[in-house]
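So the structure is just underneath, and the comments pick up after that.
In listed order, ligands and their atoms are each counted from 1. Note: hydrogens, waters and symmetry copies are ignored here, and every other heavy atom, side chains too, is used. Note that the coordinates shown come from a computational prediction; the quantities given were computed from them, not determined experimentally.
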Amino acid sequence: MTDNKIALVTGGSRGIGKACAIELAKAGCDVIINYAGNEEAANKTVQEIKSLGQNASAKKFDVSNKEAAEKAIAEILEEYKKIDILVNNAGITRDNLFMRMKEEEWLAVINTNLNSAYFVTHPVSKIMIKQRSGSIVNMASVSGIYGNAGQANYSAAKAGIVGFTKALSKELASRNIRVNAVAPGFVQTDMTKDLPVDKIIERIPLKKLGMPEDIAKTVKFLAIDAGYITGQVIGVDGGLVI
Ligand code: NAP
């Protein structure tokens, strides 16, 4: 077994997850990135991590599918023998005003952004409990804290992630496992590329969008450095929620 910490980052092929994977690799972790379908992006991220001198691999599975997540995590354990860090990052948006929101849009977002936290964290936390160590960082959002019009599904899922983080941190603390969350504001990724940036920036006290690296540095801090922090939700939002 390697002495390096082993980190699993869901949705680690692009955007915020990719930046988290790279930041954890820079801190000496070997990283498994999960993705849904974009193999080219996943392979590129794996190569970038390997060029930093760390071991990396890509694991394709749908985080909203319980069986798929369980199978993938069993395979990861078989290969790597442990999981030290889990970043529950994979997420999607299906924005619509609630009156127009279709059931598929509601369910897709709840399944991918909230139920995935159960499907992935349940098997991983069993491993961490046996190890008597681990650190979990969940990706929340400002939308889960202040609610965003047009995002009832997404805000509900992210608020769920906040509650999940706090409850799980209390359950797992005695096993030396910390559970925290990051709540990003608006971050420059594929997810936000079609939003009206100028209008959004007016509302942000720091007058700029966040970069994936801004979120990743906080994730790395919580995952590795913050040995006495658990159950916290850290806003990384340019002052959007004050
Ligand atoms: P992104 O650029 O769209 O990347 C999404 C990542 O998640 C990709 O790696 C994608 O894989 C993966 N993914 C999507 N559905 C999946 C599924 N069912 N199973 C496995 N992987 C899946 O998104 P992002 O902006 O980086 O967002 C990352 C996280 O931060 C999300 O939880 C999001 O809600 C949260 N967040 C983002 C912002 C923002 O402004 N961007 C703000 C607050 C919170 P493929 O490449 O294979 O599609």
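- Going from atom CG of Asn65 over to atom CD of Glu67 covers 5.5 Å, rounded to the nearest 0.5 Å.
- Counting the atoms of ligand 1 from 1 in the order shown, those under 4.0 Å from a heavy atom of Asn38 are 45 (P), 46 (O), 47 (O).
- Residue contacts with ligand 1 leave out Thr10, since none of its heavy atoms falls under 4.0 Å from the ligand.
- No more than 12 heavy atoms of other residues, nucleotides or ligands lie within 6.0 Å of CD in Glu39, so this atom counts as exposed by the packing criterion.
- Side chains of Glu105 and Asn96: a donor-acceptor N/O pair is present below 3.5 angstrom, by distance only.
- You'll find the side chain of Val46 reaches within 4.5 Å of the side chain of Ile33, heavy atoms only.
- Heavy-atom separations between Ala183 and ligand 1 are all 4.0 Å or longer.
- Near Asn89, meaning under 4.0 Å from any of its heavy atoms, are these atoms of ligand 1: 28 (C), 29 (C), 30 (O), 31 (C), 32 (O).
- Contacts between Ala140 and ligand 1 below 4.0 angstrom, taking non-hydrogen atoms only, involve the backbone exclusively.
- Distance check, rounded to the nearest 0.5 Å: NZ of Lys166 to CG of Asn180 gives 11.0 Å.
- Here Thr192 has side-chain heavy atoms under 4.0 Å from ligand 1, and that is the only part of it that gets that close.
- Distances between N or O atoms of Ala41 and those of ligand 1 include no value under 3.5 Å.
- Contacts of Thr112 with ligand 1, taken as heavy-atom pairs under 4.0 Å, involve the side chain alone.
- Only the side chain of Lys158 comes within 4.0 Å of ligand 1, counting heavy atoms alone; its backbone N, CA, C and O stay farther away.
- Here Phe61 has backbone heavy atoms under 4.0 Å from ligand 1, and that is the only part of it that gets that close.
- Atom numbering of ligand 1 starts at 1 in the shown order; those under 4.0 Å from a heavy atom of Ile92 are 14 (C), 15 (N).
- Using a 4.0 Å heavy-atom cutoff, Lys18 is absent from the residues neighbouring ligand 1.
- With a heavy-atom cut-off of 4.0 Å, Phe186 touches ligand 1 through its backbone alone.
- Only the side chain of Asn34 comes within 4.0 Å of ligand 1, judged by heavy-atom distances.
- Interface of Ser141 with ligand 1, defined as ligand atoms under 4.0 Å from a residue heavy atom, comprises 43 (C), 44 (C).
- The atoms of ligand 1 that sit less than 4.0 Å from any heavy atom of Gly11 are 6 (C), 7 (O), 9 (O), 12 (C).
- Taking every heavy atom of Gly15 and a limit of under 4.0 angstrom, the matching atoms of ligand 1 come to 2 (O), 26 (O).
- The heavy atom nearest to atom 47 (O) of ligand 1, out of those in Ala72, Gly210, Gly37, is found in Gly37.
- By the 6.0 Å contact criterion, NZ on Lys199 is open, its count of non-hydrogen atoms from other residues, nucleotides or ligands being 12 or less.
- Residue Thr189 touches ligand 1 through its side chain alone, judged by heavy-atom distances below 4.0 Å.
- In summary, the atoms of ligand 1 found under 4.0 Å from a heavy atom of Asp62, numbered by their order in the structure, are 17 (C), 18 (N), 19 (N).
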